[in-house]
There are 2 protein chains.
Amino acid sequence: MLNSILFYSLDKAIRSYRRLAQANIDRAGLDITIDQWLVLRVLLEYDDLTQQEIAERVFKDQASVARMLALLTKRGLLSAVPLPHDGRRTQLRVTEAGQQMLDAVHPIVLENRATALSGIKEDELAMLQQLLERIALNCAPAVS
Amino acid sequence: MLNSILFYSLDKAIRSYRRLAQANIDRAGLDITIDQWLVLRVLLEYDDLTQQEIAERVFKDQASVARMLALLTKRGLLSAVPLPHDGRRTQLRVTEAGQQMLDAVHPIVLENRATALSGIKEDELAMLQQLLERIALNCAPAVS
DNA sequence: CCCATCTTTATGACATATCATAAAACCTCA
DNA sequence: TGAGGTTTTATGATATGTCATAAAGATGGG
């Protein structure tokens, strides 16, 4: 029984959160998606990752990342400087505008998280986290 | 800290499950997506729902449901019979082929769930379920 | 140096998510 | 009954998810 609705609840929880998060970002007049925000945040820390490495960090795939990078660049939040030692790649630097966007979104994200998790205790959160990681691990393809 | 990675884990868990589920459906040679399967399952039980009602049951939106219904119909898994009392709507009936598809997918879904949840105890599952519902509720827009 | 192979990026094709809106049918009330 | 508001469906636009593949650069062995 529970078995059959658990994944529905899982889907519903993350999707509810995403809707809330995007709505609050939109309401603040910020023109960025939460996925783009996530990628931008990673790039602030590391500017010499391949698309595949970025994808692994944000648990997306390379094709999605490629399109998000193109959009972020188009919107001036990211700049792509050719890397001298590899003609295929570029150094992805968060621009000034990108930095301002990250700064503006940050408090909203904190608030979203607080809203979503209100009334949930620390130890419950830890358990939730652990169970979610267990599920992801159970579903991961065998490395062989 | 935990706060900041919880939603990442949530996203990762559901996405890992979806990848596993779709991969196993594909491997069985069945030409259907898990989202379409979910909708088809709902329609087996209720054949007189509006798209909005279907959307609420599967936690999607009406536009997505409309497109999935069109695809399911195109693939012959669903038939749309005009409803006499309302010219806008149709009665959505799962066809014979649709029924066979549901029958074929069912054991795969059971197996997927078992794989994803292996090693997780009943009471942990119950707690997980409860926490996920709490999060969804916390994120739900105020009804006003 | 050249070829085969690997890596990296870009993109096509299709499905879904989301918001917005158009079009048609319905329904209510004056 | 007819006008105005509501419900229902369809669809456009844009972003992402996924798989597959093309194209270009890198790399290593001969």
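Quick note on labels: first sequence line is chain A, next is B, and so on, each numbered from 1. Computed from a predicted structure; not experimentally measured.
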Could you give me the CA-CA distance, side-chain angles and deciding distance for B:Q52 and B:Q62, then say whether side chain to side chain donor-acceptor pair (under 3.5 Å) is met?
CA-CA 5 Å; B:Q52 185 54 47; B:Q62 177 264 329; over 6 Å; no

Residues which pass side chain to side chain donor-acceptor pair (under 3.5 Å) with A:S9, listed by chain and number, not counting sequence neighbours
B:Q129

For B:N24, enumerate each residue passing the side chain to side chain donor-acceptor pair (under 3.5 Å) test, keeping only those at least two apart in sequence or located in another chain.
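Applying side chain to side chain donor-acceptor pair (under 3.5 Å) to B:N24 gives B:R27, B:N112.
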
Nucleic acid contacts - residues 92-108 of chain B versus DNA chain C, non-hydrogen atoms under 4.0 Å
none

For DNA chain C, determine which residues of residues 18-39 of chain B have any heavy atom closer than 4.0 angstrom to one of its atoms, and list them numerically.
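B:T33, B:D35, B:Q36 - these, ordered by number, are the residues of the stretch whose heavy atoms sit under 4.0 Å from the strand.
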
Distance in angstrom units between [X] [atom1] and [N] [atom2], rounded:
{"X": "B:D61", "N": "C:dC19", "atom1": "CG", "atom2": "P", "answer": "7 Å"}
{"X": "B:M68", "N": "C:dC14", "atom1": "CE", "atom2": "C1'", "answer": "14 Å"}
{"X": "B:D11", "N": "D:dT16", "atom1": "CG", "atom2": "P", "answer": "13 Å"}

Report the residues that fulfil salt bridge (Lys or Arg N to Asp or Glu O under 4.0 Å) with [X], sequence neighbours left out, ordered by chain and then residue number.
{"X": "B:R88", "result": "B:D86"}
{"X": "A:R134", "result": "none"}
{"X": "B:R15", "result": "B:D11"}

Side-chain donor-acceptor contacts of residues 97-110 of chain A below 3.5 Å, not counting sequence neighbours, with atom names and distances?
from	atom 1	to	atom 2	distance (Å)
A:Q99	NE2	A:D103	OD1	3.0

Polar side-chain atom of B:E133 near backbone of B:Q130 as donor-acceptor pair, under 3.5 Å:
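Side chain of B:E133 to backbone of B:Q130: no pair is present.
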
Does A:Q22 use its side chain to pair, donor to acceptor, with the backbone of A:I34 at less than 3.5 Å?
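Confirmed, A:Q22 side chain pairs with A:I34 backbone.
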
Please check if the number of heavy atoms outside B:R93 that lie under 6.0 Å from its CZ is greater than 12.
no

Five-pair end axes of the helix from C:dC1-D:dG30 to C:dA30-D:dT1, angle between them (10°)
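Result, rounded to 10 degrees: 0°.
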
Sequence neighbours excluded, every pair satisfying salt bridge (Lys or Arg N to Asp or Glu O under 4.0 Å) that has a member inside residues 46-64 of chain B:
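Checked against salt bridge (Lys or Arg N to Asp or Glu O under 4.0 Å) - neighbours excluded - the pairs reaching residues 46-64 of chain B are B:D35-B:K60.
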
Using a 4.0 Å cut-off on protein heavy atoms (strictly under), produce a 5'-to-3' string for nucleotides 3-13 of chain C with B for base contact, S for backbone-only sugar-phosphate contact, and - for none.
----BSBBBBB

Does C:dT16 have its OP1 or OP2 closer than 4.0 Å to a side-chain nitrogen or oxygen of B:K60?
no

Residue pairs meeting ring-ring contact (aromatic ring centres under 6.0 Å, His included), one or both in residues 29-82 of chain A, sequence neighbours left out, come to none

At what distance, to the nearest 0.5 angstrom, does CZ of A:R75 lie from OG1 of A:T95?
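Rounded to the nearest 0.5 Å, the CZ-OG1 separation comes to 13.0 Å.
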
